[in-house]
Colleague: 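Handing you this structure, nothing more for now.
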Number of protein chains: 2
Amino acid sequence: MNANVPPTAALVAKLTARDDLSAEEIAVLQGMMSEPRIVQGGHDIVRDGDRPGHSTLLIDGFACRYTTLKDGGRQITALHVAGDFVDLHSFMLKEMDHGVGALTLCRIATVDHGRLLEITHTHPHLTRMFWLLTLIDGSMHREWLVGMGRRPALGNAAHFICEIYTRLSVVGMAADNAFVLPLTQVELGDVLGLSSVHVNRVLQELRSGELITWTGQNVVILDWDALADLAEFDPRYLHVVKEPR
Amino acid sequence: MNANVPPTAALVAKLTARDDLSAEEIAVLQGMMSEPRIVQGGHDIVRDGDRPGHSTLLIDGFACRYTTLKDGGRQITALHVAGDFVDLHSFMLKEMDHGVGALTLCRIATVDHGRLLEITHTHPHLTRMFWLLTLIDGSMHREWLVGMGRRPALGNAAHFICEIYTRLSVVGMAADNAFVLPLTQVELGDVLGLSSVHVNRVLQELRSGELITWTGQNVVILDWDALADLAEFDPRYLHVVKEPR
DNA sequence: CGCTCAGTTGATCAGTATCAAAGGGCGTGG
DNA sequence: CCACGCCCTTTGATACTGATCAACTGAGCG
């Protein structure tokens, strides 16, 4: 939000939580991004079938990857927060096989794929760090698969809350077990593979168990241990460990 | 199977289905792999929590990534066939957040992470192709998420069959709508997030609709169009398109 | 002031899980 | 070569999770 926070601040935080970056690498990151741009909530950032010539960094706001089925059902396959590259994978995949939508007003900036291509020639470590970002996306996908396939709705909702809290913490957007999450219950249903009615009931159960409060967009985790236990949340899959990569 | 087929044959097929490789790159691939080794079906190739110093290429056989929950439930998050790197992601993630198991007798070979690190410095294009492989894994994860979240069991089972057929075709292990798939119904349940009893009923429905036959390990797709339609299968997510990357 | 949209509640329905048991194929050891 | 055992598949009965349908509330906003 702050004008003198560089657009890459959250990205740098996300990366340096996993490995040190050199001053030059940080400069390359800052130099490669376009001017920030605003996307209104509810609008698409990238469309299914697009062949974007650039990848998009989310500076601020919430976005998601989603796919829509013929019957109108929607599945959100990833939720993105500040510092996430929402479609870094399009650099190598070329054609988008899903859409990316802004859930709230989003501030974004882009990198040209040509610039990324150069970086793969000139900056191997930075290239690996970009690769790492997409691998962490994959880890989250797998964890969501486990949740949808084998966790009951209550546990999976709890797991989602644990994940988002952890991820927001990394970029300084959550602390003291509290954070802002501007998701409707319909959207949460599209994340968890549930109907919005059932999401409502699951949230009530989490509230009545005094595990969380969730009023408007304000989520507070009242009992982290109990929530993580219910979720069988093991944060290793987020790989928030600084080591040489 | 054949002794004068190089261990990297399927991998090269998989990669060249997406972009041309130079002769030198193919030589690098062949030169980097260890001597092949055998793993018995039912045994682990990598364990959850491991920090392997190498990544494993599946030369032959079927393997899976899986995670097990406290109640004993298991979710398979990826199914691997010949030519797949089952844990290329461990090169950057370092610690395994799930296990990799051999579903059948598997022939594997490994690449040291040190060798991969060198390649990221000396062979940018090959590096990008490795990155691409992990991105396609991610695409499949997302598609599975859509299936488990929003497709009914029947459609998702159909989708799985379409996916596997397409993937096996790329490495020459499926043709004429027929292929060998050595998966038990329990394992298929762990893939689809279903109980084995329900898998049985779903398969019977696919059979009675004359969409497939599945006897022992032999699967035949009788009506591809109807199966793909039921599945809403759109192969774009597998990115089997040759173009400069 | 009335619309719209998000959240909530109740009633009923459908899809899938669970439990239990039986049948079939195949390898192994006697 | 047969018998046993084991694993996988199949079937039936029942239970339960989560979906669907419908209606109502409350808050924000034009």
Side-chain angles (χ1 to χ4, degrees), chain A residues 40-42 62 69 71-76 103-105 146-160 180-209 212-219 230-231, chain B residues 40-43 62 69 71-76 101-105 146-160 180-209 212-219 230:
Chain A
Q40 296 298 325
F62 287 79
L69 296 178
D71 70 354
R74 176 170 90 150
Q75 179 65 44
I76 291 176
L103 293 168
T104 63
L105 188 141
V146 174
M148 297 215 304
R150 294 304 187 203
R151 272 191 265 264
L154 186 69
N156 200 26
H159 195 278
F160 173 76
V180 173
L181 190 59
L183 276 190
T184 68
Q185 294 182 359
V186 170
E187 287 159 350
L188 191 50
D190 289 342
V191 165
L192 300 173
L194 300 171
S195 69
S196 63
V197 173
H198 201 62
V199 165
N200 184 283
R201 288 174 174 140
V202 160
L203 290 184
Q204 285 178 56
E205 200 169 337
L206 290 175
R207 286 192 273 240
S208 72
I212 64 163
T213 62
W214 186 324
T215 47
Q217 308 187 336
N218 297 99
V219 183
L230 175 64
Chain B
Q40 298 295 326
H43 286 227
F62 287 79
L69 296 178
D71 70 354
R74 177 171 88 150
Q75 179 65 44
I76 291 176
L103 293 168
T104 64
L105 188 141
V146 174
M148 298 215 305
R150 293 305 188 203
R151 272 190 265 263
L154 187 69
N156 201 26
H159 194 278
F160 173 76
V180 172
L181 190 60
L183 276 190
T184 68
Q185 294 182 0
V186 170
E187 287 159 350
L188 191 50
D190 289 342
V191 166
L192 300 173
L194 301 171
S195 69
S196 63
V197 172
H198 201 63
V199 166
N200 185 281
R201 290 177 173 137
V202 161
L203 290 182
Q204 285 179 57
E205 200 169 337
L206 290 175
R207 284 191 275 241
S208 72
I212 64 163
T213 63
W214 185 325
T215 48
Q217 309 187 335
N218 298 98
V219 182
L230 176 64

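Chain letters run A, B, ... following the sequence lines, proteins first and then strands; every chain starts at 1. Scope of the values below: all heavy atoms of this structure, side chains included, with no hydrogens, waters or symmetry mates.
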Colleague: Check every nucleotide of DNA chain C for an atom under 4.0 Å from a heavy-atom of chain A, then give the first and the last such nucleotide from 5' to 3'.
Modeller: dG7(C) to dA11(C)

Colleague: What donor-acceptor contacts under 3.5 angstrom involve side-chain atoms of residues 193-200 of chain B, with partners at least two apart or in another chain?
Modeller:
from	atom 1	to	atom 2	distance (Å)
Ser195(B)	OG	His198(B)	N	3.2
Asn200(B)	OD1	Gln204(B)	NE2	2.3
Asn200(B)	ND2	Gln185(B)	OE1	2.9

Colleague: Would you sort out whether Leu203(B) and Leu188(B) count as a side chain to side chain contact (heavy atoms under 4.5 Å, CB included), showing the intermediate values?
Modeller: CA-CA 10 Å; Leu203(B) 290 182; Leu188(B) 191 50; 4.2 Å; yes

Colleague: For a 4.5 angstrom cut-off between non-hydrogen side-chain atoms, does Val219(A) reach Thr213(A)?
Modeller: no

Colleague: Just wondering, do Gln217(A) and Leu181(A) contact through their side chains at under 4.5 Å, heavy atoms?
Modeller: no

Colleague: Side chains of Leu206(A) and Leu230(A): closer than 4.5 Å at any heavy-atom pair?
Modeller: yes

Colleague: Which residue pairs satisfy the salt bridge (Lys or Arg N to Asp or Glu O under 4.0 Å) criterion with at least one member in residues 185-195 of chain A, sequence neighbours excluded?
Modeller: Arg74(A)-Asp190(A), Asp190(A)-Arg150(B)

Colleague: Got a sec? Which of residues 146-156 of chain A come in under 4.0 Å of DNA chain C, heavy atoms?
Modeller: none

Colleague: Let me check the geometry of the helix from dC1(C)-dG30(D) to dG30(C)-dC1(D). What is the bend angle between the axes at its two ends, five pairs each, to 10°?
Modeller: 30°

Colleague: Determine the sole option in Ile76(B), Leu103(B), Thr104(B) for which the side-chain contact (heavy atoms from CB on, under 4.5 Å) test with Leu183(B) is passed.
Modeller: Leu103(B)

Colleague: Of all the heavy-atom pairs spanning Phe62(B) and Val180(B), show the shortest one and how long it is.
Modeller: CZ-O, 3.7 Å

Colleague: Is there a residue in residues 187-201 of chain B whose heavy atoms reach under 4.0 Å of DNA chain D, and which residues are they?
Modeller: Val197(B), Asn200(B), Arg201(B)

Colleague: Tell me, which pairs form a salt bridge (Lys or Arg N to Asp or Glu O under 4.0 Å) where one or both residues lie in residues 192-206 of chain B, sequence neighbours left out?
Modeller: none

Colleague: Could you tell me the separation between the CG atom of Leu154(B) and the NE2 atom of His159(B), rounded to the nearest 0.5 Å?
Modeller: 13.0 Å

Colleague: With Asn156(A), which residues qualify under side chain to side chain donor-acceptor pair (under 3.5 Å), at least two apart?
Modeller: none

Colleague: Just by distance, do the side chain of Gln75(B) and the backbone of Val191(B) share a donor-acceptor pair under 3.5 Å?
Modeller: yes

Colleague: Contact boundaries of DNA chain D with chain B (under 4.0 Å, heavy atoms), 5' to 3'?
Modeller: dC8(D) to dA13(D)

Colleague: Look only at the side chain of Arg207(B) and the backbone of Trp214(B), and say whether a donor-acceptor pair between them is shorter than 3.5 Å.
Modeller: yes

